[in-house]
2 protein chains.
Amino acid sequence: MELDERKLTILEAIIRTYLETGEPVGSRTISKYTALNLSSATIRNEMSDLEEMGYIVQPHTSAGRIPSDKGYRLYVDHLVKEKTQQVTALNSLMIYKTNRMEEILKQVVRMLAANTQYTTMISAPSYKRNKVKFIQLSKLNERQLLNVVVIEGNIVKNHIIDLTENIDEESVLKLNLLLNTRLNGLTLADINLGLISNIKEEAGIHSEIISEVLDTIADVIRAETDEDMEIYTSGANNIFKYPELSDSEKASRLITTLEEKDLLADFVKDTEQKEEKGDTGIQVYIGEESPVEAMKDCSVVTATYELGDGMQGTIGIIGPKRMDYEKVMNNLKSLKTSLTEMFKEDKPPENKVDSGKK
Amino acid sequence: MELDERKLTILEAIIRTYLETGEPVGSRTISKYTALNLSSATIRNEMSDLEEMGYIVQPHTSAGRIPSDKGYRLYVDHLVKEKTQQVTALNSLMIYKTNRMEEILKQVVRMLAANTQYTTMISAPSYKRNKVKFIQLSKLNERQLLNVVVIEGNIVKNHIIDLTENIDEESVLKLNLLLNTRLNGLTLADINLGLISNIKEEAGIHSEIISEVLDTIADVIRAETDEDMEIYTSGANNIFKYPELSDSEKASRLITTLEEKDLLADFVKDTEQKEEKGDTGIQVYIGEESPVEAMKDCSVVTATYELGDGMQGTIGIIGPKRMDYEKVMNNLKSLKTSLTEMFKEDKPPENKVDSGKK
DNA sequence: ATTAGCACTCAACTGTTTGGAGTGCTAACA
DNA sequence: TGTTAGCACTCCAAACAGTTGAGTGCTAAT
C-alpha cells in the first residue's frame with residue numbers, strides 16, 4: 001500500500017488534532033475539520049489503511065486513533081514546519097547573566113522549562129580537550145600547597161595539596177617552572193601517569209617532595225577529567241501536566257531518572273555522536289527510540305550548543321510523546337544558536353567577572 | 001480530662017500500629033494486640049476521650065482513628081525511644097570519600113535516602129563567617145588577572161578579572177601586598193564596600209587600574225557571600241512509596257519544592273535558629289508545623305552537623321506524617337555525630353587531596 | 001470511488017447493592 | 001464505678017448492572 005497525498009493529509013490532521021487535544025481522534029472529527037470534504041466513512045477506510053501501515057493505533061476498539069511512534073517519526077521528519085520563532089525570554093535572560101557558568105546553565109534550563117512547560121535538561125560542556133594555559137603552585141604553609149590550573153576557556157581548577165614533609169620556597173619555584181614548561185599547551189586528557197613519570201625522570205627527581213607533589217597533581221587532574229558529566233534539570237513537576245505520564249508508577253521512574261544524572265548522560269552522549277556524524281541540528285527521540293528505559297513513554301528533543309574552543313554541551317527537552325514538536329524544535333533551534341552566539345561574543349563565561357557592571 | 005497512664009498506652013499503641021500499617025486503627029485491633037486485656041468497648045470509650053483531647057482523629061465516621069499532628073507531637077516528644085542505632089552504611093561511605101565537599105554531600109544524602117526510603121536533603125555549610133587566610137592575584141596576560149582567595153577551612157575561591165586597561169607586574173605586586181595586609185583575618189562578611197573604599201583611600205589611589213581591581217574584588221566577594229545556600233536532595237521518587245503523598249496534585253507540589261532550593265532553605269534556617277537557642281539535637285516538623293506550605297502533609301526531621309571552624313550544615317529527611325520517627329531520628333542522630341566526627345578528624349574536606357591515597 | 005446506514009463494541013459514567021469494619025449507646029455485670 | 005456484651009447505625013469500598021455516546025467495520029446503494 002502506498003502513502004499517497006490524501007493519506008498523508010489525513011495522517012497529519014490526525015496527529016495535529018491529537019497533539020492539541022490529547023484525545024484519540026475519530027473519523028468524524030477529521031471529516032468535519034479538514035478541507036478534503038470527505039465523509040467520515042471514507043476517512044474511516046483511509047484510517048484503517050493508515051493503521052495497517054503502522055502510522056496510527058487504536059487504544060481499544062471503538063476508540064479513535066492516536067499516532068504510533070512511526071507516525072510521530074514521519075511527522076517530525078516531514079511535516080514539522082520551520083518557523084522563525086520568537087526567541088521569547090532569552091533576552092531577559094541576558095540581564096541576569098552572572099559570572100558563573102553553572103548559574104547560567106541553571107537559568108537557561110529553568111527558563112526553558114517555564115517556557116515550554118516540559119521538563120528540561122542541560123549538560124555542562126566537558127573541557128577534557130581544553131589546553132592548559134597556566135599552572136601555579138603557592139605555598140600556604142610548611143605542609144600545604146595551593147595548586148591552581150587555568151585552562152582554555154578560562155576555567156580555573158584549584159586544589160590544596162597536603163604534604164607529608166616540609167617544603168621550601170625554592171622547590172616551589174622549581175616546580176612552578178617545571179610544570180609550566182612541560183604542561184602548558186597540553187590538554188587535560190593528555191596529562192597521564194606516563195607523562196608525569198617522564199617529567200620526574202627528566203627533572204632528575206631531586207627530592208622526594210617534588211615527586212610527591214607531581215604525583216598528587218597527576219591524581220588531581222585525572223580525577224578532574226574522570227568526573228562525571230554535570231547535568232542540570234528543571235521543571236520535573238511538569239510531567240504532572242500530562243496524565244499519560246503522571247501515574248505513580250511512571251512518574252516515579254521518571255523522577256528517578258532525572259535524579260540519576262548518568263542516565264541522562266546517555267542522551268548527551270548519543271546526541272553528541274549523532275551531531276558528529278554530520279546529523280547536525282536537532283535530535284528527536286520518540287518513545288522506544290530513547291536510549292533510556294524509563295523514557296519509553298516520552299519523547300526527548302535535544303541539541304548541542306557550542307562554546308568555542310571546541311567545547312560543547314547539550315540541551316534537552318523531555319515531554320510526553322504528544323509534545324508540541326513544532327514549538328519545541330523551533331524553540332530549541334533558536335536557543336541553540338542564541339546560546340552559541342552568547343558564549344561566542346562574550347567568552348569565557350566561567351568565572352568571568354564583568355568588571356564594569358555592578 | 002487527664003491523660004492517664006492507660007490512655008497513654010492506648011495512644012501509643014494506636015500510633016505505633018498506624019505507623020506500621022498506614023490504615024486507620026480500630027478499637028478491636030488495640031484490644032487484641034495490647035497487653036492491657038481490655039475489651040474493644042472499653043478501648044472505644046478511651047478512644048473517644050483521646051479524640052476529644054485532640055490526639056487522634058477519625059477520617060470519617062465508622063473508620064478507625066489516626067493520630068493528629070498533636071498526637072504525633074506527643075509521640076515524638078515523649079514516646080520515641082533512643083536506640084543505639086547501627087550506623088548502617090556510613091562506613092562504606094568513608095571508602096568513597098573523595099576530595100570534594102560537594103561530592104561528599106551528594107553521597108551522604110543519597111545514602112541516607114536509600115537507607116531510610118524517604119526523601120532527603122543536605123545543605124552545604126555556609127562560610128560567610130570564615131576568615132580570609134590568603135589572597136593572591138596572578139597576571140594571566142595584559143588584560144586579565146586571576147584572583148584566588150583561600151579562607152578558613154581551606155576553601156578556595158577564584159575569579160578571573162577582566163581589565164579595561166593594561167596592568168604591569170609592579171601594580172600586581174602592590175595589590176597583593178595591600179590585599180593580604182588588609183584583608184587577611186577578616187571574615188567574608190566583614191568585607192564590604194566601605195572597607196574597600198577605606199583601603200583605596202589609604203593606598204592613595206595610585207592609579208585607576210588599582211581602584212578597578214579593588215572594586216571588582218569587592219564585588220566578587222560580595223557575590224560569593226550573597227550566593228544562595230547550596231542544597232542537595234535525593235530520593236525524590238520515594239514520595240511515591242506513600243499513597244498519601246503520591247496523588248498528582250501533592251506530588252507535583254512536593255517535586256516543585258524540592259527543585260526550588262530556596263524553599264528548602266527555610267528548613268535550614270529554622271533548624272539553625274532552633275539549635276542556636278540551645279535546642280540541640282534533632283528537630284521535627286510535623287505537618288502544619290512546617291515552615292513550607294507544600295509540606296503540610298509531610299513531616300520533616302532535621303539536624304545540623306559541624307565542620308569545625310564554626311561552619312555548620314543541615315541534614316533533613318522528608319517523609320509522610322506517618323514516617324518511622326524512631327528510625328529516622330536515631331538514624332539522623334548517629335549520622336550527625338558521624339559526619340561531625342568525620343569532618344573533624346579529617347578537615348578540611350573541600351578541595352583536600354589525600355596525597356597518600358590514589 | 002464514495003457515501004449513507006446500521007449493527008456492534010467498549011470505556012466511562014451512574015446508580016444500586018452488598019459486605020465489612022468500625023463506632024456509639026445502652027443495659028447488664030463484677 | 002469501671003468494664004463488658006450486644007446491637008443498631010454509619011460509611012467506605014468493591015462489585016454489579018444499566019445507560020450513554022463516541023467510534024468503528026461492514027454492506028449496499030449511489
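This is a predicted model, so every value here is computed, not measured. Below, chains carry the letters A, B, ... as their sequence lines are ordered, and counting in each starts from 1. Every heavy atom of this structure was used, including side-chain atoms; hydrogens, water molecules and symmetry mates were not.
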Sort me out a list of protein N/O and nucleotides 8-12 of chain D N/O pairs below 3.5 Å, or just none if empty.
{"unit_1": "D:dT10", "atom_1": "O2", "unit_2": "B:S62", "atom_2": "OG", "d": "2.9"}
{"unit_1": "D:dC11", "atom_1": "OP1", "unit_2": "B:T61", "atom_2": "OG1", "d": "3.3"}
{"unit_1": "D:dC11", "atom_1": "O4'", "unit_2": "B:S62", "atom_2": "OG", "d": "3.0"}
{"unit_1": "D:dC11", "atom_1": "O2", "unit_2": "B:S62", "atom_2": "OG", "d": "3.4"}

Partner of B:I318 by side-chain contact (heavy atoms from CB on, under 4.5 Å), out of B:L258, B:T120, B:I239: B:L258
Contacting residues from residues 5-19 of chain A, given that a heavy atom lies under 4.0 angstrom of DNA chain C: A:R6
Within the distance-only criterion (no hydrogens, no angle test), does the side chain of B:S68 pair as donor or acceptor with the backbone N or O of B:Y55 below 3.5 angstrom? yes
Which residues in residues 29-57 of chain B have a heavy atom closer than 4.0 Å to any atom of DNA chain C? B:R44, B:M47
Return yes if some donor-acceptor pair links the side-chain N/O of A:Y325 with the main-chain N/O of A:V301 below 3.5 Å, else return no. no
Please say whether more than 12 non-hydrogen atoms of neighbouring residues, nucleotides or ligands are located less than 6.0 Å from CZ in B:R322. yes
A:S252: side chain to side chain contact (heavy atoms under 4.5 Å, CB included) partners, not counting sequence neighbours: A:T256, B:N237, B:F240
How are the rings of A:Y18 and A:Y72 set relative to one another: parallel (under 30°), tilted (30 to 60°) or perpendicular (over 60°)? tilted
Presence of A:R65 side-chain N/O under 4.0 Å of D:dA22 phosphate oxygens OP1/OP2: no
Should we count CZ of B:R110 as having more than 12 external heavy atoms under 6.0 Å? no
If only side-chain N and O atoms of B:R28 are considered, is one of them under 4.0 Å from the OP1 or OP2 phosphate oxygen of C:dT23? no
Taken in chain and number order and not counting sequence neighbours, the residues that satisfy side chain to side chain contact (heavy atoms under 4.5 Å, CB included) with A:K81 are A:E12, A:R16, A:E326
Please walk me through it: do A:E275 and A:K336 pass salt bridge (Lys or Arg N to Asp or Glu O under 4.0 Å)? CA-CA 13 Å; A:E275 300 227 343; A:K336 174 189 173 106; 3.3 Å; yes
Output all residues satisfying ring-ring contact (aromatic ring centres under 6.0 Å, His included) with A:Y75, sequence neighbours left out; order by chain, then residue number. none
